[in-house]
Amino acid sequence: MGQPVERESGEAAHSELPPGQRLQRGWPVTHYGPVPKFRPERWEFRVFGATADGEKHCWNHEEFTALPYASVVADLHCVTKFSMLGAEWGGIPARTVLEIAPPAPDVTHVMVWAEYGFSSNLRLADFAADRTIFATHKDGELLTAEHGFPLRLVVPHLYAWKGPKWVRGVEYMTADRRGFWEERGYHNIGDPWKEQRYSYQEGPGDGPDL
């Protein structure tokens, strides 16, 4: 594991919560399906799809966690209406992945893939944001299995479902398509400050089906 090379506060703790949210003390466990068993000898992180060189890029667990480590302080807003403020997330910035495995020029979105085929789609700009991070730690401690160990994506400016637990890879896409929860009625973008919870709230341009 590398040492922290960066710590950003930025918008770490908003003076007010997003609409409809309540302040949460502690960190509830929320997920769909069972907690996967981590097998380090089988674990692999992949970047594939519309890569700049047309190749698939892969790292085993040791290689991926040896990438430059950074820390960001950021909130987590769950669509179930709780918000956890000012957590410190440590791990590998999404921008690092974009730098070492660049997307093709026409990539507009990514699909983040996790265990059991779970997926979440993001606009490339959201994925590339300064504080989007593949987290391995929270508040200096390794994530627990229930909270996504060995790797979860944190996208602080979107609802937490847009950052899956147990991430295994990223697909670069030249057109948007919906992920697991987005196909089941959740908003395609998921901005908590606009309270974009459900697909019926989508306006023109918010989703691939419009």
Side chain to side chain donor-acceptor pair (under 3.5 Å) against W43, all qualifying residues, sequence neighbours excluded: none
R131/E88 under salt bridge (charged side-chain N to carboxylate O under 4.0 Å, His left out): CA gap, chis, key distance, verdict: CA-CA 11 Å; R131 296 188 303 135; E88 180 185 349; over 6 Å; no
For D126, all residues meeting salt bridge (Lys or Arg N to Asp or Glu O under 4.0 Å), sequence neighbours excluded: R123
Cationic N near anionic O, under 4.0 Å, E44 to K56: no
L151 side, atom CG; H61 side, atom NE2 - distance, nearest 0.5 Å: 7.5 Å
Geometric class of the F180/F118 ring pair [parallel <30°, tilted 30-60°, perpendicular >60°]: tilted
With E195 via side chain to side chain donor-acceptor pair (under 3.5 Å) - residues at least two apart: R197
Test log, rule ring-ring contact (aromatic ring centres under 6.0 Å, His included), inputs F48 and Y172: CA-CA 6 Å; F48 62 101; Y172 294 155; 8.7 Å; no
Pairing residues for H109 by the ring-ring contact (aromatic ring centres under 6.0 Å, His included) criterion, not counting sequence neighbours: none
Exercise: identify the closest heavy-atom pair between R177 and P208: CA-CG, 4.0 Å
Within residues 92-107 or reaching into it, pairs that qualify as salt bridge (charged side-chain N to carboxylate O under 4.0 Å, His left out) - sequence neighbours excluded: R95-D130
Check against side-chain contact (heavy atoms from CB on, under 4.5 Å), L124 and V110: CA-CA 6 Å; L124 182 61; V110 304; 4.1 Å; yes
Separation between NE2 of H77 and CD of Q21, rounded to the nearest 0.5 Å: 7.0 Å
Test salt bridge (Lys or Arg N to Asp or Glu O under 4.0 Å) applied to R46 - qualifying residues, sequence neighbours left out: none
Straight-line distance of L153 CG to T132 OG1, nearest 0.5 Å: 6.5 Å
same_hphob_cluster(W113, F64) at 4.5 Å side-chain heavy-atom cutoff: no
M173 CE to L122 CG distance, which is reported to the nearest 0.5 Å: 8.5 Å
Results of side chain to side chain contact (heavy atoms under 4.5 Å, CB included) for Y186 - residues two or more places apart only: V79, W161, W181, Y198
A52: side chain to side chain contact (heavy atoms under 4.5 Å, CB included) partners, not counting sequence neighbours: P102
Partners meeting ring-ring contact (aromatic ring centres under 6.0 Å, His included) with F134 (sequence neighbours left out): F45, F127
Reported CD-to-OG distance for the pair E183 and S119, which is rounded to 0.5 angstrom: 6.5 Å
Atom pair CG (L158) and NE2 (H187), whose distance is rounded to the nearest 0.5 Å: 11.0 Å
Side chain to side chain donor-acceptor pair (under 3.5 Å): pairs with one or both residues in residues 33-42, sequence neighbours excluded: none
Results of side chain to side chain contact (heavy atoms under 4.5 Å, CB included) for E115 - residues two or more places apart only: P36, W166, R168
Residues forming a side chain to side chain contact (heavy atoms under 4.5 Å, CB included) with E55, sequence neighbours excluded: D53, H57
